[in-house]
Protein chains: 2
Amino acid sequence: MALDHAILVSLLEKPGSGYELARRFERSIGYFWTATHQQIYRVLKRMEADGWVDVRGVPQRTRPDKKEYSVAAAGREALSRWLHDPIEPESVRHDLAVKIRGAAFDDPAALVREVERHQRMHQDRLAHYLAGEARDFGPPAGATGAPGSPVPPDPGRELQHAVLRGGIAYERMMIDWLDDVLATLHRLAPGR
Amino acid sequence: MALDHAILVSLLEKPGSGYELARRFERSIGYFWTATHQQIYRVLKRMEADGWVDVRGVPQRTRPDKKEYSVAAAGREALSRWLHDPIEPESVRHDLAVKIRGAAFDDPAALVREVERHQRMHQDRLAHYLAGEARDFGPPAGATGAPGSPVPPDPGRELQHAVLRGGIAYERMMIDWLDDVLATLHRLAPGR
DNA sequence: CGTGGCATGTAAGAGGTTACATGATTTC
DNA sequence: GAAATCATGTAACCTCTTACATGCCACG
């Protein structure tokens, strides 16, 4: 149900077309929410009908025309209401954990490859996040900036960084845990 | 799509009724997969029709009769096929992260209470997991067992423990990250 | 002249949530 | 006598995924 609100937040950060939103959901927003373009177009159409977003046709020379969406007053209010509503912590769905428990009834050694594959994907994502952090949130510490010129903090930027740090912490935790799982699997099937 | 397989794994660990499965999904299996009784009954019926599970009516004295499900050969094969199929890492859905980024366009201070509430829920879950670990997987280390009597490792038990350790690592990571988020929010709205 | 990116959609089907429904027994 | 637990289900609705569909432009 929060796809609506995720789109509103993204449009507040920067107005854009359905296509652009879909690309953002593959990147930064995808760290904590996924959506395909089909979902996004459907929700945009509904929110437009409800007056939550405004549309503006943008003709383009070399590329197909697009519709630029921005958040209307009603959308801002809807977002604000949702922000003040308590939400339940999200339900978890870890296919890999099902597989790990299932391995007891199959070949544990065969799972090693799959776990290693997942670990590699998490390592890739971690590298991607860290690169994004370095790019968007500047030099990590002890920077070469002139002392005595503190940059005024931008709340949006700070909060985006905090969310990204969550993604980084998640990937690190997963990599460590999968190390643990691999060690357990090797203990159970030492002949490898 | 993995609900089928999660149910098969659970039934392999121990046969039981739809009601019992629903309770397990509130507890141990719920660490990595959630399902309501409605979903479970629907899937059990379908798997029974497909010959993946066997049913046995169990009359009970003081309580309503129940149907005890167990995994049939075809179900075991289906599970094995799925275990050998590579799967994609699960897509993430973090409502709270949407809220955190949305707070830039609303009152960041108002989010503090919500984040604290979530942190408390994660602390409760962590305590619950740790209690379960102590109960089911024995004394943590340096136990009082007689030396020289190594217990033969039970693969199912070891793998269940590994999955539980993943849940514990996840909750610890979330608690730490929410500390980070709270510090960021306080930095942005110091008048609190 | 084919591949990939930009840009928007429809439709079918699977999966998940919420509400409704029943009925016995045990516990407070 | 009310509430909680055991036990099973139906129905409606919403959401999400997957496949299909179109068309232009840029690049090699």
Side-chain angles (χ1 to χ4, degrees), chain A residues 1-7 11 15-27 29-30 32-50 53 55-69 82 87-95 98, chain B residues 1-8 11 15-27 29-30 32-50 53 55-69 78 82 87-95 98:
Chain A
M1 198 39 143
L3 175 56
D4 307 36
H5 306 105
I7 288 175
L11 287 178
S17 68
Y19 188 85
E20 283 162 358
L21 282 169
R23 301 221 55 210
R24 289 185 215 170
F25 274 85
E26 281 172 11
R27 302 158 144 273
I29 306 171
F32 55 88
W33 202 275
T34 55
T36 59
H37 78 271
Q38 293 91 337
Q39 275 178 278
I40 291 166
Y41 284 122
R42 204 163 357 103
V43 172
L44 281 174
K45 188 165 280 187
R46 195 186 65 223
M47 291 201 296
E48 190 194 340
D50 293 347
V53 292
V55 201
R56 193 171 64 91
V58 178
Q60 296 188 116
R61 306 260 163 90
T62 63
R63 289 184 283 186
D65 297 352
K66 64 176 180 179
K67 301 182 186 171
E68 193 180 79
Y69 290 89
W82 178 73
I87 49 171
E88 288 311 299
E90 40 284 325
S91 53
V92 195
R93 252 101 209 252
H94 280 295
D95 297 67
V98 178
Chain B
M1 195 42 139
L3 175 56
D4 306 37
H5 307 105
I7 289 176
L8 288 173
L11 288 178
S17 68
Y19 187 87
E20 283 161 0
L21 282 168
R23 301 223 55 211
R24 289 185 216 170
F25 273 84
E26 281 172 11
R27 302 157 145 273
I29 305 170
F32 55 88
W33 201 273
T34 55
T36 60
H37 78 270
Q38 293 90 337
Q39 276 178 277
I40 291 165
Y41 284 123
R42 210 170 345 113
V43 171
L44 281 175
K45 189 165 278 187
R46 194 184 67 223
M47 291 201 295
E48 190 194 338
D50 293 347
V53 293
V55 201
R56 193 171 62 93
V58 177
Q60 296 186 118
R61 306 258 163 90
T62 64
R63 290 185 282 184
D65 296 353
K66 65 177 181 179
K67 300 181 187 174
E68 194 180 78
Y69 291 87
W82 178 73
I87 49 170
E88 288 313 297
E90 40 286 324
S91 52
V92 195
R93 253 104 208 251
H94 280 294
D95 297 68
V98 178

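Letters go in sequence order (proteins before strands), and every chain restarts at 1. Predicted model only: the values in this text are computed from it and were never measured.
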Roughly, in whole Å, what's the span from CZ in B/R63 to P in D/dA4? 19 Å
Could you measure the distance from the CZ atom of B/R24 to the CD1 atom of B/I7? Nearest 0.5 Å is fine. 10.5 Å
Over how many whole Å does the gap from B/K67 atom NZ to D/dG9 atom C1' extend? 9 Å
Can B/V55 and B/E68 be said to form a side chain to side chain contact (heavy atoms under 4.5 Å, CB included), step by step? CA-CA 6 Å; B/V55 201; B/E68 194 180 78; over 6 Å; no
Would you mind reading off the bend of the helix from C/dC1-D/dG28 to C/dC28-D/dG1 from its two end axes, five pairs each, to 10 degrees? 40°
Using whole Å, what does the distance between atom C1' of nucleotide C/dA24 and atom OH of B/Y19 come to? 13 Å
Does A/R23 place a side-chain N or O at less than 4.0 Å from the phosphate oxygens OP1/OP2 of C/dG5? no
With a 4.0 Å cutoff (strictly under), does any side-chain N or O of A/T62 reach OP1 or OP2 of D/dC24? no
Does this structure show an ion pair linking B/E90 with A/R93, if we count only N-O contacts that are shorter than 4.0 Å? no
A/Q60 side chain: which of D/dT5, C/dA7, D/dG9 is closest? C/dA7
Length of the CD-P vector between A/E26 and C/dG5, whole Å: 10 Å
Atom-to-atom span, CG of B/D65 to P of D/dA7 - whole angstrom: 10 Å
Heavy atoms of B/Y69 and B/S17 approach each other most closely as CD1-CA, 4.4 Å
Enter the distance from B/H37:NE2 to B/R42:CZ here, rounded to the nearest 0.5 Å. 10.5 Å
Between CD1 of B/I29 and CZ of B/R27, what distance do you get to the nearest 0.5 Å? 11.0 Å
Which nucleotides of nucleotides 12-19 of chain C have their base under 4.0 Å from a protein heavy atom (B), which only their sugar-phosphate (S), and which neither (-), written as one string 5' to 3'? ---SBBBB
Phosphate contact (C/dT8 OP1 or OP2) by A/Y41 side-chain N/O below 4.0 Å: yes
Between CD of B/E88 and C1' of D/dT17 the distance, given in whole Å, is 14 Å
Taking all heavy atoms of A/G18 and all of A/I40, pick out the closest pair and write down the distance. O-CG2, 4.0 Å
State the CG-CD distance between B/L21 and B/E26, to the nearest 0.5 angstrom. 11.5 Å
Distance in angstrom units between B/I40 CD1 and D/dT10 P, rounded: 15 Å
Where do A/L3 and A/A35 come nearest, in terms of heavy atoms and distance? CD1-CB, 3.7 Å
Out of D/dA7, C/dG9, C/dC6, minimum distance to the side chain of B/K66 belongs to D/dA7
Should B/K45 be listed as having a side-chain N or O under 4.0 Å from OP1 or OP2 of D/dT10? yes
Return the value, rounded to whole Å, for the distance between atom CD1 of A/I7 and atom C1' of D/dT15. 13 Å
